[in-house]
Amino acid sequence: MNEQPDLLEGAKAVLDMNFKGVYTAPSDSVYPHQWLWDSCFIAIGLRHYDIERAKQEILSLLEGQWHNGMLPNMIFTETGTGRRHAGIWNSAVNPNSPDDRATSGITQPPMLAEAIVLVGEKLKKSERRAWYRQTYPALLKYHEWLYQERDPHKEGLVLQIHPWETGLDNTPPWMQEMHEHQLAYWIRAVKMLRLGGIINVFRNDTKRIPASQRIDIIDAFGLFSTQRRLRRKGYDINRILRHSLFAIEDLTFNCIFIRANQHLQDIAAFIKEDLPSELVADMQRTENALEQLWDEYSGQFYSRNFVTHTFLKQSTIATLMPLYAGVIPKKKAKQLVGLLENQFSFGTAYPVPSVPVSSPLFDEDGYWQGPTWINTNWLIIDGLRRMGYEDHAEALKQSTLEMVQRGGFHEYFKPNSGEPAGADNFSWTAALTIDLLKR
Ligand code: GLC
């Protein structure tokens, strides 16, 4: 499966369909705004055929940056839905929010550095230098913000305050913590009285996509009520941490951050900028801290509760993300690759499932609770290559392309049958297909 003109042209058509003038929406029908890690993946695809649009995709993300350096996971459009969602978030409650953009008040996995570097790879040296100079201040400010606000105890691991910050919205370990520490009394009542089915009828997302393929209604209520709580605290981390037990050092987020820190160092070296020495020490601490998330007994890494330091001991796609971080010892990498090969774990016919089939929580339809997603496959392929598992990377690349070729550019896929699910014409599926075909 090498040159595939139809697949390539189809992917470009999806990215054109979702183009909004300055950025690309994840999916025209379901997700009209600009999303942080989506746009990074999108730029990684665009760079192969329209470098100016790839740069624009990233620059448009930077327009939403907060004065304190935070990059929001969503920047809202000026449309009707945009204004409605902007009202729900009301980012103006925090004085750091930008004056001329309505955004969310939380972030998403820090894929920005990767996107800047991969776009830079397509530029001549002098243009690359200009590109790095243009984006470096915002990138630096973002990483510094992550340390200042999200690593208050200088542990090296940054914490997340909402499941949406992980990009894996309803991933089981976060849902379990949310049910334990966060569910408002009225959501508990809906759960006890089994009113979810009735309420489902009024949902917007399930008008286009079957309810079985979307987030369970109780989990969805939990996500929204957690967001309201953060808004009531003005998205102010000190007020939030003073009142909450719901703060997690998420494995996926921290693995992506480790890789992003390496890229930031490379960018600084390329443009001959000295990184602040405190930041360099912080970054080293993060690399070392990943070891603390390893559980010797089960031979896996886990996310950890920020307050109690207990592991969230459920295996999910996050389990494999240390391969992408790229800093783990060979022996541990081998153990993770073993899980990927195992048909009773992550080795399904169309890998890699977002929850291993061995988990009692595996649900082939269940959004981030079973389906295979193209962005996490891309991260694992990249990690496998850098950890020396070239053959595994190639095999996963081929099965990923085959799945998209057969099923179309869907949001996610069923890991046993390869059948497509979720929204169609999904941007990062298209963009990363282009990248896999071209790399
Ligand atoms: C969902 C996904 C998240 C993504 C967003 C837009 O919330 O879980 O990762 O960024 O949709 O596509």
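When a ligand or atom number is given, it counts from 1 through the structure's own listing order.
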- Are Arg386 and Tyr324 in a cation-pi setup, meaning NZ or CZ lies under 6.0 angstrom from the ring centre and within 45 degrees of the ring axis?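 Yes, Arg386 lies over the aromatic ring of Tyr324.
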Give me the residue, atom name and distance of the protein heavy atom closest to [atom].
atom	value
atom 1 (C) of ligand 1	Tyr367 OH, 3.2 Å
atom 11 (O) of ligand 1	Tyr31 CE2, 3.4 Å
atom 2 (C) of ligand 1	Asp169 OD1, 3.7 Å
atom 5 (C) of ligand 1	Trp35 NE1, 3.7 Å
atom 12 (O) of ligand 1	Asp38 OD2, 2.7 Å
atom 3 (C) of ligand 1	Gly167 O, 3.6 Å

One thing to verify: whether [Y] and [X] come together as a salt bridge, which I'm taking to mean a side-chain N less than 4.0 angstrom from a carboxylate O.
X	Y	value
Asp50	Lys12	no
Glu57	Arg47	no
Lys397	Glu402	no

- Message: Using a 4.0 Å cutoff against the non-hydrogen atoms of Phe426, which atoms of ligand 1 qualify?
- Response: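 Per the distance check, 12 (O).
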- Query: Which one holds for Gln108 and ligand 1: side chain close, backbone close, both close, or neither close, with close meaning a heavy atom under 4.0 Å?
  - Reply: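 Looking at Gln108 and ligand 1, just side chain atoms fall under 4.0 Å.
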- Query: Does Trp164 reach ligand 1, in the sense of a heavy atom lying below 4.0 Å from it?
  - Reply: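 False for this residue.
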- Message: Strictly by side-chain hydrogen bond (donor to acceptor under 3.5 Å, both in side chains), give each pair with a member in residues 406-415 just once, sequence neighbours left out.
- Response: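 Every side-chain hydrogen bond (donor to acceptor under 3.5 Å, both in side chains) pair that includes a residue of residues 406-415, provided the two are not neighbours, is Tyr31-Glu411, Arg214-Glu411, Arg214-Tyr412, Tyr350-Arg406, Asp365-Lys414.
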- Message: Evaluate Trp37 for polar contact with ligand 1, using N/O atom pairs at a separation under 3.5 Å.
- Response: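 N/O-N/O distance below 3.5 Å exists for this pair.
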- Task: Kindly confirm or rule out an N or O of Trp368 lying under 3.5 angstrom from an N or O of ligand 1.
- Result: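 Such a contact does occur with ligand 1.
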- Query: Which heavy atom of Thr166 sits nearest a heavy atom of Asp169, and at what distance?
  - Reply: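 Closest pair (atom of Thr166, atom of Asp169, distance): OG1-N, 4.3 Å.
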